[in-house]
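The block underneath contains the structure these notes are about, expressed in C-alpha cells.
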There are 2 protein chains.
Amino acid sequence: MTEPVELRYWEDFPVGFAAVHGTRTVTEEEMIRFAREFDPQPFHADPEAARETVFGGLIASGWHTAALYMGMFVRSQLLGSASMGSPGVEELRWLVPVRPGDVLTARSRVVEAWPSETNPGRGTIVGEHEFVNQHGEVVMRLRARGFMARRPPADG
Amino acid sequence: MTEPVELRYWEDFPVGFAAVHGTRTVTEEEMIRFAREFDPQPFHADPEAARETVFGGLIASGWHTAALYMGMFVRSQLLGSASMGSPGVEELRWLVPVRPGDVLTARSRVVEAWPSETNPGRGTIVGEHEFVNQHGEVVMRLRARGFMARRPPADG
C-alpha cells in the first residue's frame, strides 16, 4: 500500500504559521557562477576586483540570495502544497552583504491570508521571509504573496 | 592612446532618464535549468507536469525572470556606472506568465533620485524596470533602489 501524500492547502497556512526551511553554506564558486550569468558587477563576479570596491571583497548578488532562499523554501514547504504561483513581492531588502562561506538559515511566517473574492478555489497568503547568517544577522527580508488552492470539499 | 572610459555617476541618472537594455528570447532549456536549482515547482521545472497545472504549460520562475532582467540591465547600464549596490526592491510584480520562446525587452527609467544625507560621495536612484514580451505585455515590473557614487570634484 502506498501512503497517500497529504497535500497542504490555503487553509493549512493561517496567519502566524511559521517554519524553518533549513540551513546551507554559500560558496564563492556558486556566487561567481550566478553572477557571471545574471549580475556580472565586479563585486559579485570577480574576487580580485571586488577587493577594490566599497565591499572589500566578493558579495553575493541580491538576486542570487533571493534565488537560494526560494530553492530552500520550495523544497521545504511549497512542493508539499497546492501552490498556484505568485503575483509578486511587496518588499525585498538586502540588509547585510552575503560573503563566501556564510551559513544561511531560511525561515518564514504567514502575516496575512485571505480567500479570493472572485475564485472560490483559491486564497492568497502573504509570507514574511528571512535569511539569517551565522552571526544571527538578517541578511535578506522579503514579503511576498502566494496563491494557494483551497481545500476541496470532502468527498460525499 | 587609449580612449579614457567615461564612467557614469549619480548625477548622470536624473529623474526621467530612460533606457532600453536589449531584447532576448527565453528558452525552455534555461527555464528548466534555473528552476531545477532554485525553484523546482512543477510548473517551472517539468513540462509534462506543467500541462496539468493552472498554467497549462511551463512558465519561468519569477526569480528567473528577475535574474534575466538584471543580466541585461547590468550589461547595458550598470557596468558603465559607479554602482555601489542596492539596498532592495520596493515592489516586484509578475504580471503575465513567461513561456518558452517568449521574446523579452528590458527597459527602465529613473523615477526618484536623492543625494545621501550621511555620505557626500553617494546618491540613491529609484528605477522603475519593465520586461515586455513580444505581444507588448509588461510581464514583470519592479521598482528598485540603487546606490551610486557621486561625480568626484574635477581635478585642480
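Just so it is clear: chains get the letters A, B, ... in the order the sequence lines come, proteins before strands, and each one is counted from 1.
- In this structure, chain B has a heavy atom under 4.5 Å from the side chain of A/Val74, while its backbone stays farther away.
- Contacts between B/Ser83 and chain A at a heavy-atom distance below 4.5 Å involve backbone atoms as well as side-chain atoms.
- In plain terms, the two heavy atoms of A/Arg75 and B/Arg36 that are nearest each other are NH2-O, 2.6 Å.
- Linking Ile, Leu, Val, Met, Phe, Trp and Tyr residues whenever their side-chain heavy atoms come within less than 4.5 Å leaves B/Phe13 and B/Phe147 in two separate clusters.
- For A/Glu91 and B/Arg143, the salt-bridge test fails: no basic side-chain N is under 4.0 Å from an acidic carboxylate O.
- With hydrophobic clusters built from ILVMFWY side chains whose heavy atoms lie under 4.5 angstrom apart, A/Met148 does not share a cluster with A/Trp114.
- Chosen from B/Gly71, B/Ala35, B/Gly62, the residue pairing most often with chain A at heavy-atom distances under 4.5 Å is B/Gly71.
- Atom CD of B/Glu29 has more than 12 neighbouring heavy atoms from other residues, nucleotides or ligands inside a 6.0 Å radius.
- With a threshold of 4.5 angstrom between heavy atoms, A/Leu142 approaches chain B through side-chain atoms but not through N, CA, C or O.
- Between A/His64 and B/Met70 the shortest side-chain heavy-atom distance does not fall below 4.5 Å.
- Aromatic ring pairs are classed by plane angle as parallel below 30°, tilted from 30° to 60° and perpendicular above 60°; the pair A/Trp63 and B/Trp63 is tilted.
- Side-chain contact between A/Pro42 and B/Leu79 is present, with at least one heavy-atom pair separated by less than 4.5 Å.
- The cluster map of Ile, Leu, Val, Met, Phe, Trp and Tyr, joined by side-chain heavy atoms under 4.5 Å apart, puts B/Val89 and A/Leu95 in the same cluster.
- Closest non-hydrogen pair, A/Phe43 versus B/Gly85, comes out as CZ-N, 3.7 Å.
- Side-chain atoms of B/Ser86 and A/Trp94, non-hydrogen and from C-beta on, do get closer than 4.5 Å to each other.
- Listed options B/Glu37, B/Met84, B/Arg141 were ranked by heavy-atom pairs under 4.5 angstrom with chain A; first place goes to B/Glu37.
- Tracing side-chain contacts under 4.5 Å through hydrophobic residues (I, L, V, M, F, W, Y), one never reaches B/Val126 starting from B/Tyr9; they form parts of separate clusters.
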Self-check item: From CA spacing to verdict: side chain to side chain contact (heavy atoms under 4.5 Å, CB included), A/Phe34, B/Phe38
Solution: CA-CA 11 Å; A/Phe34 184 96; B/Phe38 297 115; 3.9 Å; yes

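- Residue B/Val26 is grouped with residue B/Val138 when hydrophobic side chains (ILVMFWY) are merged at heavy-atom distances under 4.5 angstrom, including chains of intermediate members.
- To the nearest 0.5 Å, atoms CZ (A/Phe73) and CG (B/Asp39) are separated by 10.0 Å.
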